[in-house]
Amino acid sequence: MRSALLRGEWPAAPGWPRCLPGDVVCRALRVTPRPLASGARATTSPVTPRAVGASGSRQGGSAANMAEDSRGGLACGRAGGPQYLAHTPSRRNFPEYELPELSTCVFHVGAFGELWRGRLRGAADLSLRDPSAPALSGNPGVADSGRDHVAVARDLGCSLEAAAELSTVCSLDKLKCLEEGEDPEVIPEDTDLVTLRARKRFLEHREETITIDRACRQETFAYEMESHAMGKKPENPADMVEEGELILSVNILYPIIFHKHKEHKPYQTVLVLGSQKLTELRDAICCVSDLQIGGEFSNTPDQAPEHISRDLYKSAFFYFEGAFYNDKRYPECRDLSRTIIEWSEAHDRGYGKFQTARMEDFTFNDLNIKLGFPYLYCHQGDCEHVVVITDIRLVHHDDCLDRTLYPLLIKKHWLWTRKCFVCKMYTARWVTNNDSFAPEDPCFFCDVCFRMLHYDSEGNKLGEFLAYPYVDPGTFN
Amino acid sequence: MDFTKTILPAHKQADCETLLSRFQEMDSVRFEDFTELWRKMKFGTVFCGKMRNLEKNTFTKEALALAWRYFLPPYTFQIRVGALYLLYGLYNTQLCQPKQKIRVALKDWDEVLKFQQDLINAQHFDAAYIFRKLRLDRAFHFTAMPKLLSYRMKKKIQRAEITEEFKDPSDRVMKLITSDVLEEMLNVHEHYQNMKHIISADKSKPDKALSLIKDDFFDNIKNIVLEHQQWHRDRQNPSLKSDPKDEEGKREGTAQESQRCERAESLAKIKSKAFSVVVQASKSRRHRQVKLNSSDSDPESGQGQTKATKKKRAKPAVKSAERKVSSRSKGKVRNVQKEEKSLRLSMPVITEEEEEHDSFNETEFTAPKRKRKH
């Protein structure tokens, strides 16, 4: 397993969602309502531990001395793993490639942030304030430029005249390539740039072949997702993101394995702050399996919304670097990781000792992680999402600065929705079996068509059928 | 659906490299000269041409990341300054709103600060001013790694090639004393010695009055060069191990690899030259000894023989060079398999090459011997 990981072939390992048991969508499509007892499902199959093992096999034993459930103890104790002892403390948290272009070595998120902040202390790089300089004197322009020159001269150790000259020599006017009034959308005729010639060829080709030239819906959607929160400021100054805060980009893969996703796994990208708790991310992850409604409701269709899985089965865990972070906020939460740990310890399976901790006790700053490495989020007993942290950086003035908007969804896979069989227009909300009115089994209906077809005006059930609420994976589009 | 792949990275790279190589030709680090090139090429227009928002963002991000690569070692000081100007230009002419930022990885930052200090110390105020301005404009994202990382399905990883022309020569001594220079030196030396023989009264032994240089000066300089090579290599290797911070992941890994290969190649070249020299020298000595012992063979035929063996020698030398290359690549492959994880190949060539050289020398030695028997 280890060598397979090192060769970068991990998707072939059993950890890839292809092997996950009864993933949500398939379950929904097959329409096999099962007793949705969280605990019962948690103990179902040994595949689950293998899935975790695939991503966890690299940490063998490094966390053996970790104190369970103690926040500081876990955060610091992890760092004492044998393979990191050789490095100095600061070096250990320098993100470096473990596999070039794929993943880094393990480092501590908070310590990494501290390393950056230590290097940038005293400089204005991290300032989140607006750049507009306060104009106090009568002629601010002259005063400002004068002050600028002094600052430049001080920083560079040159004379004031040199500083003044620099600001003209290096001004942006010198980079202007377009004459006044030239349209930046038009590619100049006489260009030498390879890039522009390629783009021109492409545009000409598009003009010939496409009748309507506009952005497609998905492109517009993707751009809006990416940029909708950019530069947003909170209404309440208390909700402002702090200077030097870390932003993590987290890719959460869907547990859907359609054939067309063989090559590209669909995922959503969420931005979280380093100071946010793991539970905040957990609550922000939208997955249809949380919205599943278990049971047959052909006699009482109005009662269906009361039985959403999210409210019934609250257990979940994240797995990062040899530790399971279980959601224990509610008394009914179970330790979903117990089965996996017991499975791994029952025989010597070579995964070392897994640790457990409470998800609500940990922020992302407390974690030890590898960037680019596949971890796991598991909820609803066996709905497993591979989680990859792709990037960590310091917050920038142009980022969304309203911390209440984090975790911030910036990318989402566009899923096809299953349409109502009757109107062929609206997304299906119901699915029926053994339906005397339906030409197919199972058959999908939107709410309106379902009720029109199966109930009289008083709401009495007509004919024979079994009806299950259906939540489409494309619901979040 | 991919909306953003109308422009390939290769196109952008070609443009950036054209600009940078023209800047290199100007032999200047002045921003004025850079802007002149920039305007002449109308470089600011790369962002033109009906890019929609999403494509614009992606394109700009990639362009900045591309330019950033030239701002770091192993590129020459001049290229790095050029890259800084290029970043400044691209950052400020981009059409994105808000502007796309330049990603700086933590491990590169110390290098960047060192560069800024070098700029100030060398009083390249325009470059230092521009870097300061970029920082004040908050043009940077301070990140963990240069790019976003994620495991992928069997996708081929595009390796960033190092552009040789822009690279800081790792060894300036090697640049000065190439194997060609050594060969030339040897030729001149031989010619000089021959001349001395010819003009001396006793043809077999040059006049004492003409003995103005040390006879073994060529051997000395060859040894010194080889010694320097060895030293340079030794210095490079432990520094690799002890300083993982400066190691820039794969990009630098390959750089070092190629550097090492290059060094090994030049080393091999020098060695082959040097060894052939040894052969020649010893042979000529033998030749002279022969002449001293028996006076029947005349110097003319001896010279003709040398020429003939020289011609003969050319072919096996080429062959063995080929062999060397193939064995080297084999060695590399083997090494890659062994420690492909780290990509830090530890000098796969040298030992094998020495073996090669031994056999090479044997053929060198045996060929003339056989000839003499006839």
Side-chain angles (χ1 to χ4, degrees), chain A residues 6 10-11 91 94-97 100-104 112 115-116 119 124-125 152 155-158 162 166 169-170 172 174-175 177 184-188 191-196 198-200 202-203 215 218-219 222-223 230-231 249 251 263 371-372 374 388 390-394 396-398, chain B residues 1 3 6-8 11-12 14-15 31-32 35 38-39 41-50 52-54 57 89 92-93 95 98 101 105-107 109 120 123 125-126 128-130 132-133 135-136 138 140-145 148-151 153 157 244-245 247 249-250 253 341 343:
Chain A
L6 292 179
W10 71 279
R91 179 57 43 81
F94 251 87
E96 287 166 32
Y97 281 122
E101 312 273 295
L102 285 179
S103 71
T104 65
F112 156 76
L115 283 172
W116 253 130
R119 278 166 173 71
D125 300 285
V152 169
D155 287 356
L156 305 185
C158 62
L166 278 175
V169 168
C170 301
L172 295 175
K174 306 271 190 227
L175 293 166
C177 297
E185 297 301 312
V186 178
I187 298 174
T191 182
D192 293 335
L193 298 172
V194 186
T195 310
L196 276 189
R199 186 173 297 138
K200 198 165 189 171
F202 170 76
L203 283 178
Q218 293 194 37
E219 186 184 339
Y223 176 72
M230 283 241 191
S249 300
N251 283 0
E263 300 286 326
L371 287 188
V388 181
T390 55
D391 186 32
I392 304 184
R393 59 179 176 82
L394 294 171
H396 187 276
H397 171 257
D398 288 342
Chain B
M1 265 294 265
F3 320 104
T6 57
I7 305 295
L8 298 170
H11 294 143
K12 270 174 280 182
D15 284 334
F31 186 65
E32 273 175 305
T35 49
W38 174 279
R39 286 192 305 264
M41 285 180 77
K42 292 197 171 180
F43 210 88
T45 58
V46 281
F47 297 110
C48 288
K50 286 187 191 167
R52 286 190 291 256
N53 287 330
L54 195 68
N57 280 353
N92 285 297
T93 47
L95 303 168
K101 304 298 180 290
L106 177 61
K107 63 189 167 60
W109 184 245
I120 293 174
Q123 305 214 330
F125 289 130
D126 46 358
Y129 175 88
I130 277 170
R132 178 184 176 277
K133 189 152 187 332
R135 273 185 81 174
L136 283 182
R138 293 182 280 199
F140 296 107
H141 267 165
F142 301 99
T143 66
M145 289 315 250
L148 273 67
L149 299 180
S150 183
Y151 266 83
M153 294 283 288
I157 303 161
K245 189 192 82 189
E247 171 218 15
K250 193 222 73 205
K341 181 196 154 199
L343 273 178

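Residue numbering restarts at 1 for every chain, and letters A, B, ... go by the order of the sequence lines. The basis for the numbers below is simple: all heavy atoms, side chains too, and nothing from hydrogens, waters or symmetry mates.
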Of the listed A/Ile392, A/Asp398, A/Leu193, the one with the largest count of heavy-atom pairs under 4.5 Å with chain B is A/Leu193
For this session: Mind running side chain to side chain contact (heavy atoms under 4.5 Å, CB included) on B/Asn57 and A/Tyr223 for me, showing each step along the way?
Result: CA-CA 9 Å; B/Asn57 280 353; A/Tyr223 176 72; 3.4 Å; yes
Turns out that what part of B/Leu106 lies under 4.5 Å from chain A's heavy atoms comes down to both
Rounded to the nearest 0.5 angstrom, the NZ-OG1 distance for B/Lys12 and A/Thr195 is 7.5 Å
Closest heavy-atom pair, A/Pro95 versus B/Lys107, reported as atoms and distance to 0.1 Å, is O-CD, 3.9 Å
Output yes when a side-chain donor or acceptor of A/Asp391 lies under 3.5 Å from a complementary backbone atom of B/Leu148, and no otherwise.
no
Note to self: So B/Phe31 and A/Leu166, do their side chains get closer than 4.5 Å, heavy atoms only?
What the structure shows: no
Between the CZ atom in B/Phe140 and the NE2 atom in A/His396, the distance rounded to the nearest 0.5 Å is 10.0 Å
Applying side chain to side chain contact (heavy atoms under 4.5 Å, CB included) to A/Val169 and not counting sequence neighbours gives A/Glu165, B/Glu32
All heavy atoms of B/Cys48 vs all of A/Arg199, minimum pair found to be O-NH1, 2.5 Å
Smallest heavy-atom separation, A/Leu102 atom then B/Leu149 atom, equals O-CB, 3.4 Å
So CD of A/Gln218 and CG of B/Leu54: to nearest 0.5 Å the spacing works out to 11.5 Å
Of B/Leu136, B/Thr35, B/Asn53, B/Val46, the largest count of non-hydrogen pairs under 4.5 angstrom with chain A goes to B/Asn53
Applying a strict 4.5 Å limit to non-hydrogen atoms, the region of B/Arg132 in contact with chain A is side chain
Practice prompt. Indicate yes or no: at least one non-hydrogen side-chain atom of A/Cys170 is less than 4.5 angstrom from one of B/Lys133.
Written response: no
The side chain to side chain contact (heavy atoms under 4.5 Å, CB included) partners of B/Ile120 (sequence neighbours excluded) come to A/Leu156, B/Gln116, B/Gln117, B/Ala128
